[in-house]
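Have a look at the structure below, then the notes.
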Amino acid sequence: MSQGIQAITPVLLRGAKELREWVDNERILGHQIGFVPTMGALHAGHASLMQLAAQDVGRVVVSIFVNPTQFNNESDYSGYPLTPDADLELVEAAGGHAVFMPSVEEMYADDLTVKPVDMGALTRGWEAVDRPGHFDGVVAIVDLLFAAVRPDRAYFGEKDLQQLAVVRTMAAERHPEVEVVGCPLIRDVDGLALSSRNVRLTADTRRIALALPAALHRLKDLLARGLFPPDAVVMVREELMAVEGVELAYLDLVQRDTFASWMSGATGPYFAVLAATVGGVRLLDNLEVIS
Ligand code: PAF
């Protein structure tokens, strides 16, 4: 537990009505509401979001909901790790006040059809290429959760940098009263970006996966040495594709908030973003390489 955060037993809320009453009551008591949306299988990266929220606002609501509409692969959805008991303990230790754990019916009634979203390259490129419809589902559920929780601030990890940019765009249009806060990516001691999916790596595939953060640091280093950015990206992409066991989906240099290309000349910061499959597990990573 980080300094200054008091562990209290969080209230478990399963229905939107209960949630509304709890939030209304906290507001009457003069508290601001911070919100950390998650799909459970919580780890230290999620805890860091809750700790930041607990330091910022009076009350922290954490949602735990494995959202079916953002999976384009049935086995990815059905195999998504579920660790509810450990999750509740983590929320408690990280200073969360309420956990919203709705059912699929509570969120979607009986209709899992979601509206397609089009934010240009932001919802068509990178993650969207291999996961068609993914951001339609993310936008649908975050929109529904914002409407249910009505937070003052909502906290998202920069590990899912494209998701963060999509959510910021959606919130600016549909929930301008919610401040979306991006929080730093957290790494394990060996350098691997924390992810709920890491539990599916074996000792061997985890060792191979360390090529991902290594590639990002190599790119940053080449840029610091003055290499022309597009050349540096191509070089590191080729090096990573040559690593046995790594199936690279993309490695790119993009502006943090818009995902505009470096070639667009947009004001930075620029992040190297990558996705790769290692041992059947899709992993994301990113690093600020030009500030
Ligand atoms: O990042 C996640 O865990 C999910 O995409 C989110 C934002 C909770 C929506 O389901």
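Both ligands and their constituent atoms are indexed starting at 1 by order of listing.
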Please verify the inter-ring angle class for Phe35 with Phe146; under 30° counts as parallel, over 60° as perpendicular, anything in between as tilted.
perpendicular
Contacts of type side-chain hydrogen bond (donor to acceptor under 3.5 Å, both in side chains), residue Asp252, not counting sequence neighbours:
Trp126
Show me the donor-acceptor pairs, under 3.5 Å and distance only, between side chains in residues 222-232 and residues at least two apart or in other chains.
| residue | atom | partner | partner atom | Å |
| --- | --- | --- | --- | --- |
| Arg225 | NH2 | Asp221 | OD2 | 3.2 |

Whether Asp152 and Arg59 form a salt bridge (side-chain N of Lys/Arg under 4.0 Å from carboxylate O of Asp/Glu) is what I want to check.
no
Report each N/O pair between ligand 1 and the protein that falls under 3.5 Å, naming both atoms.
| residue | atom | partner | partner atom | Å |
| --- | --- | --- | --- | --- |
| ligand 1 | 1 (O) | Gln163 | NE2 | 2.8 |
| ligand 1 | 5 (O) | Gln70 | NE2 | 2.9 |
| ligand 1 | 5 (O) | Gln163 | OE1 | 2.7 |
| ligand 1 | 10 (O) | Gln70 | OE1 | 2.6 |

Enumerate the residue pairs fulfilling side chain to side chain donor-acceptor pair (under 3.5 Å) with a member in residues 280-291, sequence neighbours excluded, ordered by first and then second residue.
Glu127-Arg282, Asp130-Arg282, Arg187-Asp285
Which distance, rounded to the nearest 0.5 Å, do you find between the CZ of Phe71 and the CZ of Arg131?
7.0 Å
